[in-house]
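Encoded as structure tokens, the structure appears first; notes follow it.
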2 protein chains.
Amino acid sequence: MPSPKIARPSSRPVRSAPLQAASLRQTRRAHATETAEDYVEAIADLALAMGEARVVDLARRLGVTHVTVNHTLARLQRAGYLSALPYRAIFLTPHGQRLAKICQQRHEVVVAFLQALGVPPKIAERDAEGIEHHVSPRTLAAFARHLAQ
Amino acid sequence: MPSPKIARPSSRPVRSAPLQAASLRQTRRAHATETAEDYVEAIADLALAMGEARVVDLARRLGVTHVTVNHTLARLQRAGYLSALPYRAIFLTPHGQRLAKICQQRHEVVVAFLQALGVPPKIAERDAEGIEHHVSPRTLAAFARHLAQ
DNA sequence: TCTGTAATGTAGCTAAGGCTACATTATGGA
DNA sequence: TCCATAATGTAGCCTTAGCTACATTACAGA
């Protein structure tokens, strides 16, 4: 079907294909690390709250079964975010701790920002959980700037 | 391991497990429709810009191979978002058109909002592509409100 | 010390969403 | 008309992330 597609019937300046393609690639990349971020953050929270993170608690907190948690933990351990021994608690590596800290801070900023805009707390929390993974440093800085005034 | 976990060594009021679990469930739900949203939006854009949407154009715009596009189109067709015949262009059903319209509007609001906060256009576009799928109606309204002033 | 049971682990399934390699179709232009 | 080639489709692979059902382990309390 070698049609040279020269003309563009519409004059509307739609999103440029390359930019959108790049953006979506970026989004997919972000999605690949979303799980890691959610897990290390939850593990850090649990370690602080209960002294250690266990599989059941993670499952409860993440809204999945313990089987899914187990499966994901194996991957995150391979990736160097955490260490765990069979039937024992889970601990973050320094690498995992760094990531957890960044995520916690970012989460707090996003939630505070949404609430400052007038979004009700529970909805802010809910939306933030999805939004935060796609907030670049520049955008996070813009949120923080807005909060500062 | 029946340990009654009564005590909470820390006093920090961490995120409640049920709320976070519900939020993450919501995020996963959103993620399941993300692809549909991206595709119908791109198809609507292409239909407007080139008169019709073809697989290659979608692949270019979405940053994936034509194989992935094909595979996803089959699913979206089953889901009733679009209609397509082999080796022919793709068309949105009324259902798909409705979704496309909502997504386009939401996308514009999110991009404009980020830019209004001082985020550079390209970064705003990039972040919006990931963020928009997790913006609830309430939050979108808050963005629009902020833009109005 | 022993054991019931909660916690943890394993087997094996599903679906989405990527990919490469190869097969088939449609069509513009010779 | 016919065919080269771009577009489209198919086969078959991978990874992530869910799940149910079942097996194993550890430990609190009798």
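Atoms considered below: every heavy atom in the structure, side chains included; atoms not considered: hydrogens, waters and symmetry mates. Keep in mind that what you see is a predicted model, and the values were worked out from it rather than measured.
Counting atom types as modelled, B:His66 pairs a side-chain N or O with a base atom of D:dG9 as donor and acceptor under 3.5 Å.
Minimum atom distance to the side chain of B:Tyr39 is reached by C:dG18, of the listed D:dA7, C:dG18, D:dT20. For A:Val67, taking side-chain heavy atoms from C-beta onward, the closest of the listed nucleotides C:dT8, C:dG18, D:dA21 is D:dA21. The side chain of A:Tyr87 approaches C:dA7 more closely than any other nucleotide in the set D:dG18, C:dA7, C:dA21.
Note: CG (B:Leu58) to C1' (C:dG17) measures 15 Å, nearest angstrom. If you take CZ of B:Arg54 and C1' of D:dG9, they are 13 Å apart, rounded to a whole angstrom. Per the geometry, CG belonging to A:Leu85 stands 15 Å off P belonging to D:dT25, to the nearest Å. Computed from coordinates, the A:Asn70 CG to C:dA11 C1' distance equals 13 Å when rounded to whole Å. Remark: C1' of D:dT10 and CG of B:Leu73 are 15 Å apart, rounded to the nearest angstrom.
Note on A:Arg106 versus A:Glu108: no salt bridge recorded, every NZ/NE/NH1/NH2 to OD/OE distance being 4.0 Å or above. A salt bridge links A:Arg15 with B:Glu129; the closest basic N to acidic carboxylate O contact falls under 4.0 Å. A salt bridge between A:Asp45 and A:Arg61 is present, with a side-chain N of the basic residue lying under 4.0 Å from a carboxylate O of the acidic one.
As judged by a 4.0 angstrom heavy-atom cut-off over every strand, B:Val64 is placed among residues touching the sugar-phosphate backbone only.
Ring pair A:Phe143/A:Phe113 is parallel by interplanar angle, where below 30° counts as parallel and above 60° as perpendicular.
The residue among B:Pro86 and A:Gly63 whose nearest nucleotide of DNA chain D is located toward the 5' end is B:Pro86.
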